[in-house]
Amino acid sequence: MPFKRSEFPEGFVFSAATSAYQIEGHGFGGAGLTHWDTFAATPGNVVRGEHGQRACDHYHRYEEDLDLARDMGLDAYRFSTSWARVMPEGRGAANPEGLDFYDRLVDAMLARDLKPQATLYHWELPVALADLGGWRNPDMPNWFADYTETIMGRIGDRVFSCAPVNEPWCVGWLSHFMGHHAPGLRDIRATAHAMHHILVSHGRAIEVMRGLGMGNLGAVCNFEFAQPVDDSPAAAQAARIYDGYYNRFFLGALYHGSYPEDIIDVLAPHMPHGWQDDFTTIQAPLDWQGLNYYTRKIIAPADGPWPALKEVDGPLPRTQMGWEVYPDGLHHFLTWVDRTYTKGLPLYVTENGMANADVVGRDDAERLDYVAQHLAATRRAIDEGAPVAGYTFWSLLDNYEWALGYEKRFGLVHVDFDTLERTPKASYHAIARALAE
Ligand code: IFM
C-alpha cells in the first residue's frame, strides 16, 4: 500500500486532475480553434504534430471517466473548462453546446459524490484572441472576466472550488520566453506583458466569481526546486534567479503585492504601462493556494544575456519526462509557501505525479513509489504545521502532454489512443485500496 488515508487529517481531499484540451477532444461540440491547434500544425513545435482534436474523447466518454474516478474512491475531481469551447471566438457569443457540456459534467461529478474542482484556464486560448496578441494584450483581463462570468454563471452554483489560471509560469514564461508552449514566443517583453496580464486576469476572475456569490476560490501555481550546481556564489545566484522567476514572481504579486526585486529590476523596462497600479486587483483575497509540483532542477551559471543560467543533469532517478524524482522539494514548498506567503491559508497539492512508458499489464511500481514518496513528504509538511488540505494526482488518464504529444503517460488509467479503451493501471488499483482502507 503506498499510503494510508488515515494518516491524513480528517476531511483531507484526495483528488485526481485532468484538463480540457488534454482529454476532451476539441473537434467536437462546437469548440473554437485554439492556439494549441495552430501551434501543433506548425512543424517542429509538437512531437509528430499531435493535437487535441480527439484526445481521449472525454467529451463523449465523460461518464465512463467519472465512474473510474468514483470507483477509485476519490473525494474530488479537478477539471478545467475550455475558453474556446465556451466562447469559440473568445469574446461575444457563447456556445450553447459547450455550456451544456460543462453543466452535464458537473452534475455527473455530483451524482458520483465527487467534488468539482474547477480551473478556468488550462492553456487552450481561442485563436481569435491569439490573433489579438493573446496574453500580451492589455484587454485580456476584461475578456477573461467576461468568459468567467459566462461559464461560472452557468456552473458556479455547483462547483466545490475554482482557480482562474493553471500554472501562470507555464502560461507566461514557458510559452513566451522559452517558446516551448503555444504561442511559442521567445521574447522578454512579450513575457513581461503576459505574466502581468495573467495575474490581472486572475484577480478580475476572482472578483467576478465573488460577485456571483461563489466561495472557495484559489490560485494554482507550479513550483520547481532550484538547486545550485555547486557551492560557488555564481551558482547560488543563478539558482536564486531561477527560483525568482519560477517560484517567487507569482506568489510575490498575489500575497505581498509586489514582484521580487531581483526579477522586476530586469523586467521593469518591459512591463506594460501602469503595472504598478494593478496590485489591488491582483491581490483579490483568496481562500486557498494550490501547488503543482513534480521535480527539481540543477542550475548552473551560463554565458549570455539575463538570466544567464542553464539546467544541468542531476544524479537522481528520472521519470519518462527526464525529470528527477525529488520529494523533498514538495515538503520544502509546502512549508515555505505557508511560512513566507500564505500564512495559514489552506494549501492543496493540486498536481503531482509521474510519466512512465506504461504498457497495459505492467506492474507500475515506479509510479506507486513516486506517489508514496510525495505523499510522505506531504505528511511531513503537515506534521510540521503546514495546513495542507488535499492532494491531487496528475493525472486520472493518460492524455495529451502538450509539445510532447501522446507519448508521455501520466495517467493512473491507461488510454489506448487508437481504440480509446481505458484500462486502470496497477497504481490505480493500489491507490483505490489505500483510499478504501
Ligand atoms: O500535463 C501537465 C499539465 O497540463 C500541467 N501541469 C504539468 C503536467 C505534466 O507536465
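Atoms within each ligand, like the ligands themselves, are counted from 1 in listed order.
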*Would you call R112 and D71 a salt bridge, taking side-chain N to carboxylate O under 4.0 Å as the test?*
no
*What do the steps show when you test F225 against F223 for ring pair (Phe, Tyr, Trp, His ring centres under 6.0 Å), and what is the final call?*
CA-CA 7 Å; F225 188 84; F223 297 87; over 10 Å; no
*Are the aromatic ring centres of F28 and F101 under 6.0 angstrom apart?*
no
*Heavy atoms under 4.0 Å from ligand 1: which residues qualify?*
Q22, H122, W123, N166, E167, Y294, W323, E351, W394, E401, W402, F410
*asked:* For S15 and Q117, which I'm curious about, is there any donor-acceptor pair between the side chains at under 3.5 Å?
replied: yes
*With respect to N222, which candidate in W169, Y294, Y246 satisfies the side chain to side chain donor-acceptor pair (under 3.5 Å) definition?*
Y246
*asked:* Looking at R5, I'd like to know if its CZ atom is crowded, meaning that more than 12 non-hydrogen atoms belonging to other residues, nucleotides or ligands lie closer than 6.0 Å.
replied: yes
